[in-house]
Structure formats: C-alpha cells, structure tokens
K.L.:
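Below you'll find the structure I mean.
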Amino acid sequence: PHDRGREYSFGCSGGGQRTAQLLLHDPRAVAASLIDSPADFLPGFQEQPPGLFALLAGVPGAPEVFDAFYVAHYGGLAAAGNHSLGTQLLARGIGTPIYLAYSDQDTFTTHAVTRRLAEALAARQPAGRAQLWNTGEAVHCQLNTRERARTAIDWVGGWRREDWQ
C-alpha cells in the first residue's frame, strides 16, 4: 500500500530547480528532497555565466533573449532571485529535509547559481535536516555513479514526514 509518509522528490539541474520550486509551492509536499546541481538562483547565470552561455552570447539577439526570459517569467531579474529556494528557505521556515549535491566548480550551474541554497542549508536549524556535499569537481550533476546515488538515496529514504512535521 502507498505510504504518504515516504514520498520523496529528486532532481538534477533543471529537475533540481523543479524540485526546489515544489518545496517553495508546498513545503510539506514530500518527506525529503534530493537536489543535485540545481538551477536555483537564476540571476547567478548572469553574475557567473557558464561557458555555454559565452558561446551563445555571440549569437545575434541572444543577450536580449536572456533578459527577456527574466522579465517574461518572473517580472525581472530581482524577482527571479525571489523564486529561489536559497533565498526563501530560511525566510519561509521550510523544514523539509534536503540533501544537496553540488560543486562550486560545476561547468553549468555555476557557484553563483547554487551558492545561496548551499549557504541557506548550512545555516538552517536543526542542522540534521540538511546534508550538503560539494564535490569540487568540474562536472555537471554530481550523483553520477551508483555509489554516490545510493549514499544520497539512503539519506533521503531515512526520512518520514512525521519525523519533522
């Protein structure tokens, strides 16, 4: 039978962003979340763009398209920052246990994109509701081996809703 106390979310990159947005929408949606290399703080892509963006910046009209994305989806760059789990986790008191795998050397979701979430999770109380792992590797999506995934899934799977609600 289905056990509502053991529902979890997992996502990497854009899926990590969607998992973060799920928690922003409903902090009690899942018993725990596993977020890997999330596109969380979108203004970070302008502050510290990944190499791919440098290539795209040379395409005529691309900078305007990037700016228009923030306006169309969020109302502007500052508003996009307010849709970040990293900026809202502590302010909203979101208590969902979260395992965050990231790298400050990520080749796509740069440190400017993940830093705020890592800092917010490091500062949350009780500290046991967060597990942070900065691999320091220059790759995107850190849970890229069976062993890494198993470690993260075991941590997340150890939580039930009633453990923290």
Side-chain angles (χ1 to χ4, degrees), residues 1-53 74 80-165:
H2 183 75
D3 181 353
R4 274 205 39 83
R6 296 180 57 95
E7 294 173 327
Y8 307 99
S9 61
F10 167 71
C12 177
S13 191
Q17 179 191 31
R18 297 300 296 164
T19 294
Q21 289 172 343
L22 170 71
L23 298 178
L24 288 169
H25 176 71
D26 181 1
R28 292 172 176 77
V30 295
S33 286
L34 173 54
I35 303 175
D36 181 359
S37 308
D40 182 57
F41 186 73
L42 295 181
F45 283 112
Q46 287 200 350
E47 178 185 327
Q48 184 185 20
L52 174 63
F53 280 33
Y74 299 100
N82 290 331
H83 283 82
S84 157
L85 184 59
T87 62
Q88 299 299 314
L89 184 78
L90 299 176
R92 295 189 190 181
I94 297 171
T96 309
I98 299 172
Y99 186 109
L100 175 64
Y102 71 103
S103 173
D104 57 8
Q105 301 298 312
D106 194 313
T107 57
F108 193 74
T109 53
T110 61
H111 194 51
V113 176
T114 57
R115 181 183 72 241
R116 283 163 185 79
L117 181 55
E119 290 171 348
L121 286 169
R124 87 189 308 200
Q125 296 297 322
R129 286 192 192 167
Q131 181 68 37
L132 284 85
W133 182 39
N134 177 359
T135 69
E137 296 177 7
V139 298
H140 183 54
C141 293
Q142 310 308 306
L143 301 178
N144 52 16
T145 68
R146 182 181 303 267
E147 181 181 337
R148 288 177 172 191
R150 175 56 49 207
T151 299
I153 290 169
D154 286 348
W155 186 89
V156 170
W159 290 94
R160 296 179 52 84
R161 275 195 180 90
E162 54 268 17
D163 293 339
W164 60 271
Q165 289 187 345

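The structure displayed is predicted, hence computed values, not measured ones. Sequence positions, counted from 1, serve as the residue numbers for this chain.
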K.L.:
Quick one: list whatever passes side-chain hydrogen bond (donor to acceptor under 3.5 Å, both in side chains) with E147, sequence neighbours left out.
P.N.:
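Per chain and number, E147 pairs via side-chain hydrogen bond (donor to acceptor under 3.5 Å, both in side chains) with no residue.
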
K.L.:
Is the closest side-chain heavy-atom distance between W164 and P126 below 4.5 Å?
P.N.:
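When only atoms from C-beta onward are counted, P126 and W164 do not touch, as no gap falls below 4.5 Å.
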
K.L.:
Measuring only between side-chain heavy atoms, which start at C-beta, is L117 closer than 4.5 Å to L100?
P.N.:
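A side-chain contact exists here, since the closest heavy-atom pair is under 4.5 Å.
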
K.L.:
With a 3.5 Å distance limit and no angle check, can you tell me whether S13 reaches the backbone of G15 through a side-chain donor-acceptor pair?
P.N.:
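Side chain of S13 to backbone of G15, a donor-acceptor pair under 3.5 Å: no, none is there.
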
K.L.:
Verify side chain to side chain contact (heavy atoms under 4.5 Å, CB included) between L89 and I98, making sure each step is shown before the conclusion.
P.N.:
CA-CA 11 Å; L89 184 78; I98 299 172; 4.0 Å; yes

K.L.:
Atom CD in Q142, atom CD in Q105: separation rounded to 0.5 Å?
P.N.:
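CD of Q105 is found 10.5 Å from CD of Q142.
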
K.L.:
How long is the straight-line distance from CG of L143 back to OG1 of T151, given to the nearest 0.5 Å?
P.N.:
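Here the interatomic distance stands at 9.0 Å.
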
K.L.:
Is there a side-chain contact between H83 and Q21 (heavy atoms, below 4.5 Å)?
P.N.:
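Contact flag for H83/Q21 side chains = no.
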
K.L.:
By the side chain to side chain donor-acceptor pair (under 3.5 Å) test, which pairs, at least two apart or in different chains, include something from residues 86-104?
P.N.:
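Sorted pair list: Q88-R92, D104-N134.
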
K.L.:
Under the rule for side-chain hydrogen bond (donor to acceptor under 3.5 Å, both in side chains), what residues qualify as partners of Q46, not counting sequence neighbours?
P.N.:
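If we apply the side-chain hydrogen bond (donor to acceptor under 3.5 Å, both in side chains) test to Q46, skipping adjacent residues, the hits are D67.
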
K.L.:
Where do P97 and W155 come nearest, in terms of heavy atoms and distance?
P.N.:
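Result for this residue pair: CB-CH2, 4.0 Å.
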
K.L.:
According to the salt bridge (charged side-chain N to carboxylate O under 4.0 Å, His left out) rule, which pairs have a member within residues 114-128, sequence neighbours left out?
P.N.:
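Qualifying pairs: E47-R115, E47-R116, R115-E119.
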
K.L.:
Identify every side-chain donor-acceptor pair in residues 38-45 under 3.5 Å, counting partners at least two apart or on other chains, and give the distances.
P.N.:
unit_1	atom_1	unit_2	atom_2	d
D40	OD1	L85	N	2.9
D40	OD2	S84	OG	2.7
D40	OD2	G86	N	3.0

K.L.:
Report the residues that fulfil side-chain hydrogen bond (donor to acceptor under 3.5 Å, both in side chains) with S33, sequence neighbours left out, ordered by chain and then residue number.
P.N.:
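If we apply the side-chain hydrogen bond (donor to acceptor under 3.5 Å, both in side chains) test to S33, skipping adjacent residues, the hits are S9.
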
K.L.:
Which atoms form the tightest heavy-atom contact between A29 and L22, and what is the distance?
P.N.:
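Scanning both residues, the minimum pair turns out to be CB-CD1, 3.7 Å.
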
K.L.:
Not counting sequence neighbours, list each pair that qualifies as a disulfide (SG to SG under 2.5 Å) and has a residue in residues 13-48.
P.N.:
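Found none.
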
K.L.:
Using every non-hydrogen atom in the two residues, find where L34 and A152 come nearest and quote the distance to one decimal.
P.N.:
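Minimum heavy-atom separation between L34 and A152: CD1-CB, 3.6 Å.
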
K.L.:
Does any pair with a residue in residues 16-36 pass ring-ring contact (aromatic ring centres under 6.0 Å, His included), and if so which ones, sequence neighbours excluded?
P.N.:
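Those involving residues 16-36 do not exist here.
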
K.L.:
Which pairs count as ring-ring contact (aromatic ring centres under 6.0 Å, His included) when at least one residue sits in residues 112-154, sequence neighbours excluded?
P.N.:
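Listed once each, the pairs are F108-H140.
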
K.L.:
List the atom of A123, the atom of L90, and the distance in Å for their closest heavy-atom pair.
P.N.:
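Distance-wise, the nearest heavy atoms are CB-CD1, 4.0 Å.
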
K.L.:
Quick one: list whatever passes side-chain hydrogen bond (donor to acceptor under 3.5 Å, both in side chains) with N144, sequence neighbours left out.
P.N.:
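For N144 the side-chain hydrogen bond (donor to acceptor under 3.5 Å, both in side chains) partners, ignoring immediate neighbours, are R148.
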
K.L.:
To the nearest 0.5 Å, how far apart are CD in Q131 and CD1 in I35?
P.N.:
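If we round to the nearest 0.5 Å, Q131:CD and I35:CD1 are 13.5 Å apart.
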
K.L.:
To the nearest 0.5 Å, what is the distance between CH2 on W159 and CZ on R6?
P.N.:
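Here the interatomic distance stands at 12.5 Å.
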
K.L.:
Under 4.5 Å between any side-chain heavy atoms of V30 and L23, yes or no?
P.N.:
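Heavy-atom side-chain distance check passes, below 4.5 Å.
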
K.L.:
When rounded to the nearest 0.5 angstrom, what distance separates CG in L121 from CG in L132?
P.N.:
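CG of L132 is found 5.0 Å from CG of L121.
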
K.L.:
So D3 and R160, do their side chains get closer than 4.5 Å, heavy atoms only?
P.N.:
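In contact.
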
K.L.:
Hey, could you give me each pair passing ring-ring contact (aromatic ring centres under 6.0 Å, His included) that has a residue in residues 1-20? Not counting sequence neighbours.
P.N.:
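The answer is none; no pair qualifies.
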
K.L.:
Only counting residues at least two apart or in another chain, list the ones meeting salt bridge (Lys or Arg N to Asp or Glu O under 4.0 Å) with R150.
P.N.:
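Counting only residues at least two positions away or on another chain, R150 forms a salt bridge (Lys or Arg N to Asp or Glu O under 4.0 Å) with D154.
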
